[in-house]
Amino acid sequence: MNQRKILVTAALPYANGPIHLGHLVEYIQTDIWVRFQKLRGHNCLFMWADDTHGTAIMIRARKEGRSEEEVIAEANAEHQRDFAGFQIQYDNYGSTHSDENKKLCGEVWQSIRDSGLVKEKDVDQLFDTEQGTFLADRFVRGTCPECNAEDQPGDNCSKCGTTYSPAELINPVSTLSGSTPEIRTAKHLFIELEQLHEFLEEWTQSGDHLQPEVANYLRGHFLGDPQSTEGAKPLRDWDISRPAPYFGFEIPDCPGNYWYVWFDAPIGYIASTQQWCERNGDTLDNWWKNDAAEIHHFIGKDITYFHTLFWPGMLKSAGYSLPTKVHIHGFLTVNGEKMSKSVGTAFKANTYLDHLPPAALRYYYASKLGSRLDDIDLNFDEFISKVNSDLVGKVVNLASRSAKFVKDTGLSANYPDDGGLFESAAKAGDEIAKAYENCDYNKAMRLILELADKANPFVENAEPWNLRKDPAKAQELQDVCTVALNLFRQLVIYLSPVLPDLAEKTGELLNDPLIHWDQSQTPLTGNPVSKFKHMMKRIEEKDVRAMEEASKIEAEQEAAQTENNSEQFADSEQPMIDEPMTDECTIEDFMKVDLRVARIVNAEHVEGARKLLKLTLSLGGDHRKQVFAGIKAAYEPDQLVGRLVVMVANLKPRQMKFGLSEGMVCASGPGGEEVFLLTPDEGAKPGQRVH
RNA sequence: GGGGCUGUAGCUCAGUUGGUUAGAGCAGGGGACUCAUAAUCCCUUUGUCGCGGGUUCGAGUCCUGCCAGCCCUACCA
């Protein structure tokens, strides 16, 4: 077999948060593919890194009062801890905030400049004057200019679906500071992607670089179809720079401006390779400028266009190899629902590991992952039954029901007649390998389990537990167990990209490490058999429940914390809907209303009145006012006497059924029992005017 | 608003270039066994293939309309 050179990447985890089970779909998918390629004897590297730049990390560092470097170093350590826990094995783990990356970004940038793809344009963007930063869309909320729905995101309205720019919002508010941002104009650099249209059309639509539905998506959405009546659509310019302040790399020939995070992030793949090369005496060109080397990216469908349009464009301009294939997967849902942090279904990697074994999730994902973009669902009932019945009940059971009968004798010296079981399973290896290669892991798992379903009946019919009772049948017993253990070993080799742990334990059991796919093609004979130890535990429902519970508690704690930070108040907009804002008034208008602090010196029920209380208010000295207030349902007179309120002191007196009312007390609320009197802060004195 | 994908047994999914009575695993029911982590083995029930049209000798498979779900929509869909 020709040894292939294969470089693999997974999307770079963002250094602003923990790894959760959704991320792990991709990372486990990638790890399985890499392990598979290595097992087949190929020269395969998994190059990975943290994605560290952008506004989000800058803001977070600022809020926590530490440097961005500290924030990303902590994330890096946490990420690598989680990956180790899930047995995800990479050859290098870098960071986009590295010297190597900075240098490479500069080189790529220069070639793009030299190709004449860069142009300057002025861009209007909202600027938070308190935080001193431009605001990305997701940091702005405001009233929809179309339907007047309040508290809508910066890019489109969740009520009416209109899309707009954040600058068009009525009453925009920065979610960072709560202040009103202003529009500022700044120079941005753009890459004219349209110049690469023909190349991208060619690259995306031919050569099996993309799954067919992705190629369709790109054509329908961005590129247009040159054959159709509408023809090709021009690609939009890509805004590649951000003005200071920004956490990232400053653009060398454009001081005060930084590369947008999506420029330097994918270059991080190359930078990570560079680090590996330096450590291993290899050269970058050997991997990134070599037609004999394949490059495979694994990503989620949300970042499709970055990897299928911008990234190939960048690589092309800079003279690097283009991706051999971009493998795109769907998202994870939990029990049929979108993962949700607040509900606690965004299970963190280390929360899972506190309660459950990594192999279980690896197998479960493998059994659900196909080569397409469908979302996969994590259903815990299915999870439990799949792991228990497939792995423990069928696969591991083969070893645990036969190993101890040959503990003293070891495997037979010659492989016995097994009715062709081993041979046909060996032949199935090609189809299983093909399924792995195509990322059809669910198919691979199905094929492997079919083999296990044939192996168990063999043991059943051979009845080793009866054979051992008759010393004359010792050879037969050894032969039966030799077959059972070889079929088991074969299955474990096929499963080893998914279950490296099981492969290792099987190697120990049979005193022959499993390191190559081809070991599945030849039976193992004559080897001693070690004492059988449990290889995999059944999943208990209570452990799953414990994890769910732990995750829910974490979610609640986090929610409580955000509330304490008064970071974001999720107040209802109902009051504003019930009583929309009135027309603008001038300061002169306002000054006509004489608001005064007043003390309630007497409060009493009014005979015959359903809603009213009669209040006597003191403005200090002898200034007294009598007011009838509609607060009977909300307050007892006793509660009121003595307290300070705010009143409209110069309101024209009004003759009411029960007497003259000489003002109003200020209160909010819709009425009835929901009336809330305004109280000045401590220190206010009756008679003081409210400005 | 535009676009992509999906819709097959209670659940998770297979169904190759359209070709006989539509399959598997799990779950459910019955039995066997006791070596094994209440594991295993045998037998067994279940389908208006989302709905409606069309092409065809023949459609789960191709075309079309509709419905439902999921996802995407670059600081201008």
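So that the names make sense, note that chain A is the first sequence line, chain B the second, and so on, each numbered from 1. For the numbers below, each heavy atom of this structure counts, side chains included, while hydrogens, waters and symmetry mates do not.
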Worksheet item: For C26(B), does either OP1 or OP2 sit under 4.0 Å from a side-chain N or O belonging to Lys394(A)?
Response: yes
Fill in: Residue Asp453(A), side-chain atoms from C-beta onward, closest of A14(B), G25(B), C71(B)
G25(B)
Discussion item. Considering every strand and a 4.0 Å limit on heavy-atom distances, what is the contact class for Val396(A): base, sugar-phosphate, or nothing?
Written reply: base
Worksheet entry | Between A9(B) and G29(B) - C1' atom distance, rounded Å | 16 Å
Worksheet, complete the sentence: For C41(B), the nucleotide meeting Watson-Crick or G-U wobble distances (both under 3.5 Å) is G31(B)
Worksheet, complete the sentence: Of the candidates U37(B), C71(B), U12(B), the side chain of Ser400(A) sits closest to U37(B)
Discussion item. With no hydrogens and no angle check, just 3.5 Å: does a side-chain donor-acceptor pair link Asp128(A) and Thr133(A)?
Written reply: no
Worksheet entry | Gap in Å between the two P atoms, one belonging to G4(B) and one to U21(B), rounded | 35 Å
Fill in: Asn466(A) side chain to Glu463(A) side chain, donor-acceptor N/O pair below 3.5 angstrom
yes
Worksheet item: Would you call Glu460(A) and Arg401(A) a salt bridge, using N to O less than 4.0 angstrom?
Response: yes
Worksheet entry | Pairing partner (Watson-Crick or G-U wobble, both distances under 3.5 angstrom) of U55(B) | none
Worksheet entry | Spacing of the C1' atoms in G15(B) and G60(B) (rounded, Å) | 8 Å
Discussion item. Any side-chain N or O of Lys301(A) below 4.0 angstrom from OP1/OP2 of C5(B)?
Written reply: no
Item to complete: Rounded to whole angstrom, note down the C1' distance from G54(B) over to A68(B).
Response: 23 Å
Worksheet item: Considering only U40(B), U37(B), A36(B), which nucleotide approaches the side chain of Lys404(A) most closely?
Response: A36(B)
Worksheet item: Going through the checks in order, is the ring-ring contact (aromatic ring centres under 6.0 Å, His included) test met by Trp238(A) and Phe263(A)?
Response: CA-CA 10 Å; Trp238(A) 183 29; Phe263(A) 178 79; 7.1 Å; no
Worksheet item: Expressed as a whole number of Å, how far does the P atom of U6(B) sit from that of C42(B)?
Response: 35 Å
Discussion item. Applying the Watson-Crick and G-U wobble criteria at under 3.5 Å, what pairs with U46(B)? Answer none if nothing qualifies.
Written reply: none
Worksheet item: Does the side chain of Arg468(A) get closer than 4.0 angstrom to OP1 or OP2 of C35(B) through an N or O atom?
Response: yes
Worksheet item: Can a side chain N or O of Arg446(A) be found less than 4.0 Å away from OP1 or OP2 on G25(B)?
Response: no
Fill in: Residue Arg401(A), side-chain atoms from C-beta onward, closest of C72(B), U40(B), C41(B)
U40(B)
Discussion item. I'd like the C1' distance from C26(B) over to U17(B), given in whole Å.
Written reply: 32 Å
Worksheet, complete the sentence: Checking N1-N3 plus N6-O4 or O6-N4 for Watson-Crick, or N1-O2 and O6-N3 for wobble, each under 3.5 Å, the partner of G7(B) is C67(B)
Worksheet item: Are Trp262(A) and Phe310(A) close enough that their ring centres sit under 6.0 Å apart?
Response: no
Worksheet entry | Integer angstrom distance from the C1' of C71(B) to that of G10(B) | 27 Å
Worksheet entry | Cation-pi, Phe127(A) ring and Arg184(A) (6.0 angstrom, 45 degrees) | yes
Item to complete: Determine the Euclidean distance between corresponding C1' atoms of C33(B) and U40(B); express it in Å to zero decimal places.
Response: 8 Å
Fill in: Touch class at under 4.0 angstrom, heavy-atom based, for Pro464(A) against every strand present
nothing
Practice prompt. Can you tell me the pairing partner of U61(B) across any strand shown, Watson-Crick or G-U wobble, with both distances under 3.5 angstrom?
Written response: none
Discussion item. Need the pair for U20(B). Rule: Watson-Crick or G-U wobble, both distances under 3.5 Å, any strand; none if unpaired.
Written reply: none
